[in-house]
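All remarks here apply to the structure that follows.
By convention here, the first residue in the shown sequence is residue 1.
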Amino acid sequence: MQIPGFTHLYGRIFAIFWTTLLVVVVTLVLMFQYDPRSVQTIPNHQLQRFQSQAEKINHRLNTPASSGDISLISRVKNLTHRRDNHNSQLYFTTIDGDIIAPQKHTKALRNFITIADNPKTPQQRLYGRWLMAGPFIITTEQQSLYMYRGQVWRGSPPFFVQIMDKPFKLLLFTMLVSTPFLLWLAWAVTRPARRLQQAAERVARGEFEADPTLEQGPQEFKQAGASFNQMVDALNNIISGQQRLLSDISHELRSPLTRLRMATALAQRKQGQSSELSRIDTEAERLEKMISELLELSRMQVNSHQQQQIIDSHSLWYEMLEDARFEAEQHHKTLTYNQLQAWPLKGNPNLLISALENVIRNAIKYGNNIIEIKFTQQQQQLLITIDDNGKGVPNDELDDIFRPFYRVSTARDRSSGGTGLGLAITESALRQHRGDIKATPSPLGGLRISMTLPLAR
């Protein structure tokens, strides 16, 4: 089994888990030395006070009794009896550990005697709420004794003791300790993931450019980034080959089409006009137009990310709209549009002009006599609706009219002269600019085309 390296994502997760566990365990172990329930050295200020008390008691026991001959044990019992209260208590034992007085709290005392029996290094330990301290040497003429002191401990338990006593607090403490490590792990994971997401969004917009920063971070993301860049390079090669193929096809087709139209013109000059020659010339012209539009659609899908800039809507479409209104008037039709404002758009100006122009010219071509164009800002989007009062499109074909070479069976058939690429070019241009387009029945009775484009910030 291979040991996970820190450069791998699973290795980092493994390391952070054990690092967090190690930090929590080491912290608790180190803090246990401050646990009053364990044997500890008495602080200096308390030690001096206890030693001073032991010296006073030692002096009292060495002073001759005024009431006759009283044994040392009796004097010790009397001394402990007079000091007995609920907050503190003195204990006396022999050097061998036999308890002299008093008999209460002997359980804690017996346990403490076994672990603290050196008067040179007095210690203390907490038993519940009862704090034992000692031993302190008491030297008399008859024998030497050990004195221990017990008192009620009123301090609050240390923080780590509270944590250990309550599992919920221990869980919160572990979560608090692990938070910095987990935040770093989340940052290490999400940063390359965001870079990969942004790169995918650029490709979706038609920007086929490799990003070297994708090959940074954990090993898994490095491999994913390298594979992504290889995919982008492969797409660029495929698209370049497609462009070369289309260019070659265009050149090879246009040359015989040009010769065909020249031959048709010569035949018409020699033989005069005929329906057959006119039909040949019309079909050749239509085929040449179809090839031009197909090449335009291909170039748009490949190079839409080039020459992008921020431009306002008024400067972008005003001249085109005026030309379209003039063209509509020549066909005895009325084209109206509301006032354009300087809405900012980011993209390729030529593609945006072509996208709207294709829809408007379709409306002029297929509308009876009314074409209405409306521009509306909706939050951070620009909505454009183009309505006409023509024959419209059947409801079951509204989604199909944006497919290349698709012709509606009613009004938009071959006899109209269309190639079926105009709306496909518009749909491709809007998609490359993160926009949207849809077709619905118009309130005027014909077709409504609704286009949305995001406004530049």
Side-chain angles (χ1 to χ4, degrees), residues 282 285-286 289-290 293 296-297 300 313-341 343 345 350-378 381-431 433 435-453:
T282 300
E285 182 181 0
R286 180 178 298 171
K289 182 180 179 181
M290 183 182 299
E293 291 185 353
E296 180 184 356
L297 177 61
M300 181 181 302
S313 304
H314 186 276
S315 302
L316 182 67
W317 287 315
Y318 179 75
E319 291 186 4
M320 184 272 295
L321 289 171
E322 289 298 312
D323 292 342
R325 178 154 58 182
F326 177 78
E327 180 180 343
E329 292 175 353
Q330 303 308 308
H331 292 84
H332 306 290
K333 300 179 181 181
T334 302
L335 186 148
T336 58
Y337 62 91
N338 61 326
Q339 183 178 1
L340 275 173
Q341 299 183 22
W343 294 297
L345 296 172
N350 293 330
L351 295 186
L352 292 174
I353 293 174
S354 177
L356 182 57
E357 185 177 14
N358 286 339
V359 178
I360 293 176
R361 295 194 180 280
N362 272 356
I364 294 174
K365 186 173 184 179
Y366 298 110
N368 290 334
N369 56 0
I370 298 177
I371 300 94
E372 293 182 356
I373 306 170
K374 186 177 181 181
F375 298 88
T376 307
Q377 179 180 354
Q378 295 182 344
Q381 287 188 329
L382 178 62
L383 172 63
I384 309 171
T385 57
I386 301 96
D387 292 284
D388 64 66
N389 62 345
K391 294 182 179 180
V393 175
N395 291 336
D396 57 348
E397 298 184 56
L398 289 174
D399 294 332
D400 297 327
I401 61 176
F402 301 106
R403 288 163 40 194
F405 303 110
Y406 185 84
R407 296 180 180 86
V408 180
S409 58
T410 56
R412 293 171 169 83
D413 56 8
R414 292 186 181 274
S415 62
S416 65
T419 60
L421 287 172
L423 291 178
I425 292 175
T426 298
E427 190 272 340
S428 177
L430 290 176
R431 178 162 40 82
H433 288 81
D436 189 24
I437 184 171
K438 64 179 180 179
T440 56
S442 172
L444 300 180
L447 179 67
R448 164 175 282 186
I449 299 293
S450 301
M451 304 164 55
T452 57
L453 283 168

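Between the side chain of Lys333 and the backbone N or O of Ile364, at least one donor-acceptor pair lies under 3.5 Å. With Asn389 contributing its side chain and Ile370 its backbone, the two residues share a donor-acceptor pair below 3.5 Å. For Ser313 (side chain) and Trp343 (main-chain N/O), a donor-acceptor pair under 3.5 Å exists by modelled atom type.
We find the CG-CG distance between Leu356 and Leu316 to be 8.5 Å, quoted to the nearest 0.5 Å. In this structure, the separation between CD1 on Ile353 and CE on Met320 is 7.0 Å, given to the nearest 0.5 Å. Note: Ser428 OG to Ile425 CD1 = 8.5 Å, rounded to the nearest 0.5 Å. The OG1 atom of Thr336 sits 9.5 Å away from the CG atom of Asp387 when rounded to the nearest 0.5 Å. We find the OG1-CD distance between Thr452 and Gln381 to be 5.0 Å, quoted to the nearest 0.5 Å.
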- Task: Would you please test Met451 and Ile386 for side-chain contact (heavy atoms from CB on, under 4.5 Å) and show each step?
- Result: CA-CA 9 Å; Met451 304 164 55; Ile386 301 96; 3.9 Å; yes
- Query: Is there a side-chain contact (heavy atoms from CB on, under 4.5 Å) between Leu423 and Asn358 once you walk through the steps?
  - Reply: CA-CA 7 Å; Leu423 291 178; Asn358 286 339; 5.7 Å; no
- Dump the intermediate steps for side-chain contact (heavy atoms from CB on, under 4.5 Å) on Thr334 and Asn369, then the final yes or no. CA-CA 6 Å; Thr334 302; Asn369 56 0; 6.0 Å; no
- Report the C-alpha distance between Leu321 and Phe375 in whole Å, list the side-chain angles of each, state the deciding distance to 0.1 Å, and finish with yes or no for side-chain contact (heavy atoms from CB on, under 4.5 Å). CA-CA 12 Å; Leu321 289 171; Phe375 298 88; 3.9 Å; yes
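Take Glu322 and apply the salt bridge (charged side-chain N to carboxylate O under 4.0 Å, His left out) test, not counting sequence neighbours, and it matches Arg325. By the side chain to side chain contact (heavy atoms under 4.5 Å, CB included) test, Asp399 is found to be paired with no residue, residues two or more places apart in sequence or in another chain being considered. Every residue was checked against the side chain to side chain donor-acceptor pair (under 3.5 Å) condition with Glu372, not counting sequence neighbours, and none meets it. Partners of His314 by ring pair (Phe, Tyr, Trp, His ring centres under 6.0 Å), not counting sequence neighbours, listed by chain and number: Tyr318. Residues forming a side chain to side chain contact (heavy atoms under 4.5 Å, CB included) with Ala439 (at least two apart in sequence, or on another chain): Leu398, Ile401, Phe402, Leu447, Ile449. With sequence neighbours excluded, no residue forms a salt bridge (charged side-chain N to carboxylate O under 4.0 Å, His left out) with Asp436. By the side chain to side chain contact (heavy atoms under 4.5 Å, CB included) test, Asp396 pairs with Pro394, sequence neighbours left out. Lys374 pairs by the side chain to side chain contact (heavy atoms under 4.5 Å, CB included) definition with Asn338, Thr376, Thr385, not counting sequence neighbours.
When all heavy atoms are compared, the tightest approach of Arg403 to Ala424 is C-CB, 4.2 Å. Annotation for Thr426 and Ala355: closest pair OG1-O, 3.0 Å, computed over non-hydrogen atoms. Nearest heavy-atom pair across Ala363 and Ile371 is O-CG1, 3.7 Å. Smallest separation of non-hydrogen atoms from Leu383 and Ser450: CD1-CB, 4.3 Å.
Ile384 is listed as a side-chain neighbour of Trp317, based on a closest heavy-atom distance under 4.5 Å. With a 4.5 Å cut-off on side-chain heavy atoms, Leu444 and Asp388 do not count as touching. For the pair Leu345 and His433, the minimum side-chain heavy-atom distance is 4.5 Å or more.
Within a 6.0 Å radius of CD in Gln330, more than 12 heavy atoms belonging to other residues, nucleotides or ligands are found.
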